[in-house]
Amino acid sequence: MLKILEQTDLTPYRAVLDAVQSDYPLCLTEAMDGEQVTGYIAYAYEPDAVVIHALDDGGDLYLCDGLVRSVLFKGLLRGLNKGVFRLTDAAMMEKMQTLRFVNNGQNTLENIAEIMDNCKSCRESCGNT
């Protein structure tokens with residue numbers, strides 16, 4: 001069973017986090033399948049946005065979507081309605097575009113709530129309520 005959990009011990013991710021430029025404390029969430037880590041996402045809560053700095057989805061587009069949505073939703077719960085993607089991996093930024101988090105080479109999602117609402121309307125139109 002897949003679980004997405006915030007990680008408090010950042011030691012295994014020190015190299016990833018040291019490569020990130022952020023003036024704000026970094027957070028990290030792992031995707032776990034049983035005891036195995038299948039992916040992670042590193043992010044920070046800034047005053048006006050949740051900022052995604054690093055992401056590893058193991059090549060799974062659905063896992064990528066789930067990791068990003070979980071972090072965006074947590075930002076929304078903190079009153080942040082904007083997402084910024086500071087991913088240095090061009091292929092990962094292409095995934096953000098494929099998943100419609102960003103458009104036309106942009107790195108900002110201006111309305112997290114709208115993305116979450118679109119997911120709801122997609123489920124309804126597909127008959128998967």
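Everything quoted here is computed from the prediction, not taken from an experiment.
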Mind listing the closest non-hydrogen atom pair of [X] and [Y] along with its distance?
X    : Y    : result
N107 : V102 : C-CG1, 3.8 Å
L2   : A31  : CD1-CB, 4.1 Å
A44  : P25  : CB-O, 3.5 Å
I4   : S70  : CG2-OG, 3.7 Å
K74  : E6   : NZ-OE1, 2.7 Å
M116 : R69  : CE-O, 3.3 Å

Is there a path of hydrophobic side-chain contacts, each under 4.5 Å between heavy atoms, that joins [X] and [Y]?
X   : Y   : value
V51 : M96 : no
L67 : Y13 : no
L63 : L55 : yes
V71 : Y24 : no
L77 : L28 : no

Please tell me if the side chains of [X] and [Y] come closer than 4.5 Å, counting only heavy atoms from C-beta onward.
X    : Y   : result
V68  : L99 : no
D56  : V16 : no
F101 : D65 : yes

Reported [atom1]-to-[atom2] distance for the pair [X] and [Y], which is rounded to 0.5 angstrom:
X    : Y    : atom1 : atom2 : value
Y40  : T29  : OH    : OG1   : 12.5 Å
F73  : I115 : CZ    : CD1   : 14.5 Å
R100 : T98  : CZ    : OG1   : 9.5 Å
M1   : M32  : CE    : CE    : 13.5 Å
E30  : I41  : CD    : CD1   : 12.5 Å
E94  : D89  : CD    : CG    : 9.0 Å

Criterion side chain to side chain contact (heavy atoms under 4.5 Å, CB included) on L76 and N81, from CA distance to verdict: CA-CA 5 Å; L76 196 60; N81 196 35; 3.4 Å; yes
Crowding at OH, Y45 (>12 non-hydrogen neighbours, <6.0 Å): yes
Full working for side chain to side chain contact (heavy atoms under 4.5 Å, CB included) between K95 and L87: CA-CA 11 Å; K95 283 186 180 183; L87 301 168; over 6 Å; no
Test item: Q7 side-chain N/O and D9 main-chain N/O as donor-acceptor pair under 3.5 Å: yes
Side chain to side chain contact (heavy atoms under 4.5 Å, CB included) between D60 and T38, intermediate numbers included: CA-CA 9 Å; D60 184 334; T38 58; over 6 Å; no
